Amino acid sequence: MKESETYAGTWNILGEDISFNGILHVFREPEFLLCLEITIPCINENQHPRFSIKGKFPFLEGRLLNGMPLLLYSCQTGQESYHVGAFTRQFIYAEYAFWNYTIENQESFLFASAVVDFGDILQWADLCAFQSEVTESNKTLISWESKPDILFSLDSQTTVTFRPILQDIPTYNRKRSLNTRQSISVTFNYSPAAPWSKIVSDINEIRYLISLGMKTHVGIDRLFCLPIKKEPYEQKEILIGKGKNEQTVETSRSEYLFSLKELAENDGEHLAEWCNVYPKLKPVLDLYMSSFEGHVATAEMLFLNLTQALETFHARFFSNDVVEYRKRIQSLLDSIYGVDSNNVCRAQWENLLLSRSQKKYHHILLKSRLAELFFDGGAVAMWSSEFSNIEKICYTRNYFTHYDETLIDKIYSSIELPYVNTHLMSLLSYHILSLLKFEKDKARQKLKRYTADVRTMFIINEHTNRISDVHGTASPANGVVVPSDGK
């Protein structure tokens with residue numbers, strides 16, 4: 001077995017008297033895993049004893065050798081091995097371990113609150129910081145500054161509080177180093193008390209929110225709960241037994257889609273909108289977040305994920321009814337350009353939004369969906385002058401998914417794809433920000449700066465460049481075409 005922490009004790013199924021000796025193995029790297037190894041001895045004529053359950057069951061109670069109670073939740077039996085005439089060894093896996101915690105029955109498995117440390121989200125939250133100052137008498141003063149909590153309602157039963165925390169505060173220190181720790185605790189309070197399944201769902205919703213804002217994967221460093229039984233009144237630590245142990249990686253402020261402060265603006269309008277749209281938005285986010293979690297091996301795979309994310313975003317938040325789509329787009333074009341069919345801009349957009357193919361198909365085509373996302377009701381979200389890019393995206397997607405050799409000269413090259421992916425990410429980011437009621441102009445400018453920076457890096461990294469002036473401005477000199485940014 002991999003290296004683990006081990007805890008020996010006795011174990012029994014909740015509500016049953018028969019107990020077994022066993023060792024709980026707690027693995028933290030590279031994935032969380034809780035594995036209980038119990039031993040069932042042969043008694044009398046039973047030479048082949050077995051655990052009384054096969055498959056899934058909710059609870060196992062434990063009592064460690066030091067007397068501490070432990071509750072394993074969401075359990076499932078695994079491998080078993082027999083030593084005929086001696087004992088049977090049974091492995092049981094659990095999704096959660098509640099430390100120093102017991103329940104009387106399944107109905108009492110409810111919680112008043114949960115507290116989560118999502119790791120290094122300090123800069124994104126911007127609620128606390130260490131400060132140092134050198135005084136006139138040459139003394140260095142180190143202080144910790146914190147801001148008020150940020151609280152909002154997740155639903156009628158749940159409030160969420162972001163709170164700065166300072167831990168391990170020394171009163172006097174003569175050692176060579178001073179160790180103290182600041183963090184952001186996120187507290188979920190419930191009235192009435194909630195089952196664990198709801199708490200897990202709520203934690204994941206906030207984890208997705210922070211991940212989206214920071215544009216990075218957000219993990220869970222520590223997790224606590226407060227049961228409804230308030231004597232003694234103390235939080236119980238929870239160990240997680242599934243999933244990768246991925247730490248939150250801090251990103252630059254310039255890469256954030258939004259910060260906690262920006263989320264809380266306008267009397268929490270953005271947070272309220274997040275709560276409304278999250279259930280419908282989550283499948284889109286699963287595809288979108290593959291762009292910054294490092295789980296996508298190639299630019300081609302990321303391109304397919306992003307085009308699928310844009311496609312399902314349009315279906316969920318714009319239209320998935322082709323008849324309604326045609327009527328709405330026709331009315332939109334009439335209102336912006338009038339009914340003059342000779343208008344050049346109208347003709348160009350109509351060819352993308354209501355092409356001949358779209359008029360004969362009974363479903364909304366990818367080309368039409370992307371065109372409406374780019375068009376954005378006439379505001380034009382991205383790539384304002386490059387109408388051909390939309391068709392090229394579709395050709396590239398169709399080439400990857402259906403493999404048509406006749407498209408090979410119409411698709412993006414492997415060199416261009418990372419840059420194109422950046423534009424697709426920005427387009428989706430723009431519409432997600434709009435969905436959360438952020439100002440469109442600010443969102444557009446933020447994302448244009450990001451894509452411009454990526455374009456510069458693309459030129460530097462993929463081309464032979466000449467330094468054209470004293471400021472060090474680079475320009476491609478090898479004749480390779482750089483994808484247009486629409487300027």
Side-chain angles (χ1 to χ4, degrees), residues 5 7 24 26-28 32-34 58-64 66-75 94-104 108-122 125 127-128 146 149-155 157-169 180-211 218-248 260:
E5 303 167 21
Y7 301 91
L24 178 65
V26 178
F27 299 91
R28 301 181 189 269
F32 293 112
L33 183 65
L34 298 170
F59 300 105
L60 261 179
E61 293 180 302
R63 180 74 60 174
L64 303 184
N66 63 1
M68 179 182 290
L70 185 65
L71 184 70
L72 300 182
Y73 174 62
S74 192
C75 305
E95 292 188 8
Y96 302 96
F98 292 78
W99 224 247
N100 195 23
Y101 179 54
T102 60
I103 58 174
E104 296 176 358
S108 63
F109 190 58
L110 299 169
F111 301 89
S113 70
V115 181
V116 186
D117 182 349
F118 287 109
D120 193 1
I121 64 170
L122 289 156
L127 291 178
C128 58
S146 62
D149 300 350
I150 290 182
L151 181 147
F152 67 96
S153 296
L154 199 60
D155 54 46
Q157 181 186 356
T158 314
T159 59
V160 179
T161 305
F162 287 82
R163 175 173 296 135
I165 300 291
L166 182 64
Q167 297 171 303
D168 305 324
I169 312 168
T180 187
R181 183 174 183 270
Q182 61 177 343
S183 62
I184 302 297
S185 96
V186 183
T187 303
F188 299 77
N189 287 309
Y190 296 90
S191 180
W196 185 245
S197 58
K198 173 172 171 50
I199 294 173
V200 170
S201 176
D202 292 344
I203 290 172
N204 280 328
E205 180 173 344
I206 297 303
R207 186 172 64 86
Y208 270 69
L209 176 66
I210 302 171
S211 294
V218 171
I220 296 177
D221 273 12
R222 300 189 75 182
L223 177 59
F224 300 87
C225 69
L226 180 65
I228 54 174
K229 185 173 63 174
K230 297 183 180 179
E231 294 294 339
Y233 189 93
E234 61 178 15
Q235 293 177 346
K236 313 294 184 181
E237 184 168 9
I238 304 163
L239 300 184
I240 299 172
K242 64 175 182 177
K244 289 185 178 180
N245 184 3
E246 295 181 290
Q247 302 297 308
T248 303
L260 179 59

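Here the structure is a predicted model, which means the values were calculated and not measured.
Note: I199 CD1 to L110 CG = 8.5 Å, rounded to the nearest 0.5 Å. Rounded to the nearest 0.5 Å, atoms CG (D117) and CG (D221) are 5.0 Å apart. The distance from atom OG1 of T159 to atom CZ of F188, rounded to the nearest 0.5 Å, is 10.0 Å. Here CZ of F224 is found 11.0 Å from OG1 of T187. Values are rounded to the nearest 0.5 Å. Taken from CZ in F152 to CG in L260, the straight-line distance is 8.0 Å, to the nearest 0.5 Å. In this structure, the separation between CG on L70 and CG on L64 is 5.5 Å, given to the nearest 0.5 Å.
Counting heavy atoms from C-beta on, the side chains of E237 and Y101 never come closer than 4.5 Å. Contact of the V200 side chain with the E95 side chain is not registered, since no non-hydrogen atoms from C-beta on lie closer than 4.5 Å. Between E61 and L71, some side-chain heavy-atom pair lies under the 4.5 Å cut-off. With contacts defined as side-chain heavy-atom distances shorter than 4.5 Å, the pair W196/I238 qualifies. Taking the side chain as every heavy atom from C-beta outward, L239 and R28 approach each other to under 4.5 Å. The shortest distance between side-chain heavy atoms of I206 and V218 does not fall below 4.5 Å. Looking only at side-chain heavy atoms (C-beta outward), I184 and C128 come within less than 4.5 Å of each other. No side-chain heavy atom of Y7 sits less than 4.5 Å from a side-chain heavy atom of M68.
Considering all non-hydrogen atoms of both residues, T102 and P69 come closest at CG2-CB, 3.3 Å. Between E104 and S108, the shortest heavy-atom distance links the atoms N-OG, 3.5 Å. Closest approach of R163 to L127, counting heavy atoms only: N-CD1, 4.4 Å.
The backbone N or O of L151 lies less than 3.5 Å from no partner atom in the side chain of D149, so there is not a single donor-acceptor pair. One N or O on the side chain of K236 and one on the backbone of N100 form a donor-acceptor pair closer than 3.5 Å. Between the side chain of R63 and the backbone N or O of G67, at least one donor-acceptor pair lies under 3.5 Å. Counting only distance, with no hydrogens or angles, the side chain of T248 and the backbone of F118 share a donor-acceptor pair below 3.5 Å. Judged by distance alone, the side chain of S185 and the main-chain N or O of V116 form no donor-acceptor pair under 3.5 Å. Judged by distance alone, the side chain of S211 and the main-chain N or O of R207 form a donor-acceptor pair under 3.5 Å.
Taking the ring centroids of F109 and F98, they lie under the 6.0 Å cut-off. Remark: aromatic rings of Y73 and F59 are close, center separation under 6.0 Å.
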### Query
Going through the checks in order, is the side chain to side chain contact (heavy atoms under 4.5 Å, CB included) test met by T161 and I150?
CA-CA 6 Å; T161 305; I150 290 182; over 6 Å; no
